[in-house]
2 protein chains.
Amino acid sequence: MLSFTEENYLKTIYHLSDNGLKSVMTNEIAEMMETKPASVTDMIKRLAAKSLITYEKYYGVNVTKNGKSEALSIIRKHRLWETFLVAKLGFSWDEVHDVAEQLEHIQSPLLIEKLDEFLGFPSSDPHGHPIPDKHGKFHIARQILLAESTGKKASACAVKNSTPAFLQYLSKIGIYIGASVQVLEKIEFDGSLEILVDGKKKVYISREASENILVTE
Amino acid sequence: MLSFTEENYLKTIYHLSDNGLKSVMTNEIAEMMETKPASVTDMIKRLAAKSLITYEKYYGVNVTKNGKSEALSIIRKHRLWETFLVAKLGFSWDEVHDVAEQLEHIQSPLLIEKLDEFLGFPSSDPHGHPIPDKHGKFHIARQILLAESTGKKASACAVKNSTPAFLQYLSKIGIYIGASVQVLEKIEFDGSLEILVDGKKKVYISREASENILVTE
DNA sequence: AATATTTTTTAGACTTATCTAAATTTTTAT
DNA sequence: ATAAAAATTTAGATAAGTCTAAAAAATATT
């Protein structure tokens, strides 16, 4: 069983590796974990000893199949908890991360299965990130910028900019993750869009805003 | 801020002290925590240094006002989580303890307030134990044995025996924490009772069973 | 009251996770 | 190709939490 700390390192390394596609360097990890490179080297050895990563001195680490599966299980828990906090407890998008960061380490497969069921087996979290299923499988919907949407009905699935100011603005005009959005008209003059939110509310948004909202068609 | 371990020790000491009424000895703590007396002595010093307990060598420890307030906050979290697991996720009474033991250490006052609200500000957990409010206040309802109930409508609030076998039996006859129970008739022959559960279902239970169910009138 | 028993504490060692400072290796620039 | 810079690793220290074994204090027994 992994410690709290080992789990955090592994998750960070997995994210930095781009789903296991590339090697990750010691300094990157140190910066992301807000710790010192020397500490990272120590932990790298531990994780390598447990076959979660492979490690070649001075050349960074790669996540193994085992490591990927462990990382996905942690990410699954994190995203299910975020979903719970927003959907059931009324947290806002920007309040959930730190709490989910703690909750993701709770050890109880039964709890996660029941939580998943309670939430209705969601496929993405409040930020629009996919939630892996219990086998680590997840579906990456092709996301496009709302600015590039062609007028079909689409579903808001993520934001590029997640500053409180932007999130509040979105909330104000009725856009949330999962909201239906449809581009009705593109104003050639400034690139702003008239969109239909949830099939009923028409609003205008600037080109800049439309380039920070991701949708799946 | 207290560590995971410090919180566990403090909670155990508080329980052993009977809500702060009596001194607690090193060996008691060691046994309850499944650790060695030497380790307890170390931790006692840490907790005393933080003014959560007072400590006189060879004569055990007492919980301070601060310590009591910290302990109650942890107990509040534990019981709210247990309530959540049973009421919302469909855990059974006997499955929740280990998970709640982990969840009680999550640090987020906002989370606990929202969870409390989500659960409808419950005053007792699935085992019938009182849940302290955010100021540490709780109401201890006078609990009597169902066997000693006089025929008024009462509310099942706790069990003395919490073996899976007994809990399953209760579940089968429709008794749960919070269920309304009313003694209709006492059979003098063997002390068994005919009771009305939730105002509709009549069942007979043995004297022994009725001496393991606590109710508040 | 002296001795035996039990309880508790101390002393010293081990593990995990961290750090700083110094040494080493790789990469970059001349 | 060599020197300078950057990245990484090693060595040694620290703190939390645990242990065992031995010492000390309190309690119980005769």
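Just so it is clear: chains get the letters A, B, ... in the order the sequence lines come, proteins before strands, and each one is counted from 1.
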- Task: Specify the separation, in whole Å, of atom NZ of B:K36 and atom C1' of C:dG12.
- Result: 17 Å
- Query: In whole Å, what is the span from the CD atom of B:E28 to the P atom of C:dT6?
  - Reply: 18 Å
- Item | Interface with DNA chain C, restricted to residues 38-47 of chain B and to heavy atoms under 4.0 Å | B:A38, B:T41, B:K45
- Task: Compare side-chain N and O positions of B:N27 against OP1 and OP2 of C:dT8 and report whether any pair is under 4.0 Å apart.
- Result: yes
- Query: What pairs with A:Q102 under side-chain hydrogen bond (donor to acceptor under 3.5 Å, both in side chains), at least two apart in sequence or on another chain?
  - Reply: none
- Task: Apply side chain to side chain contact (heavy atoms under 4.5 Å, CB included) to B:N62 and list each qualifying residue two or more places apart in sequence or on a separate chain.
- Result: B:S23, B:T54
- Message: Can you tell me if A:Q107 has over 12 outside heavy atoms packed within less than 6.0 Å of its CD?
- Response: yes
- D:dT18 phosphate, OP1 or OP2: any side-chain N/O from B:T35 under 4.0 angstrom? no
- Message: Between A:D133 and A:K137 (side chain of the first, backbone of the second, donor and acceptor by atom type, cut-off under 3.5 Å), is there such a pair?
- Response: yes
- Message: Suppose we call two aromatic rings close when their centres sit under 6.0 Å apart. Are A:F84 and B:F84 close by that rule?
- Response: yes
- Note on the structure: With sequence neighbours left out, the residues meeting side chain to side chain contact (heavy atoms under 4.5 Å, CB included) with A:S171 are none
- Task: State whether B:Y58 places a side-chain N or O below 4.0 Å from either non-bridging phosphate oxygen (OP1 or OP2) of D:dA23.
- Result: no
- Whole-Å distance between C:dT15 P and A:K50 NZ? 14 Å
- Message: Is A:K57 close enough to D:dT10 that one of its side-chain N or O atoms is under 4.0 Å from OP1 or OP2 there?
- Response: yes
- Quick one, which residues of residues 5-18 of chain A touch DNA chain C with a heavy atom under 4.0 Å? A:T5, A:Y9
- Message: Nearest whole Å is fine: how far is D:dT18 P from B:E34 CD?
- Response: 13 Å
- List for me each residue that meets side chain to side chain contact (heavy atoms under 4.5 Å, CB included) alongside B:A156, sequence neighbours excluded, and say none if there are none. B:I175
- Send over the distance from B:Y59 OH to C:dT6 C1', rounded to a whole Å. 14 Å
- Message: Need one value for B:F4: base, sugar-phosphate or nothing, where a base atom within 4.0 Å counts as base even if backbone is also close, heavy atoms only.
- Response: nothing
- B:F91 six-ring face occupied by A:K114 cation (under 6.0 Å, within 45°): yes
- Query: Is the NZ or CZ atom of A:K88 both under 6.0 Å from the centre of the six-membered ring of A:F118 and within 45° of that ring's axis?
  - Reply: yes
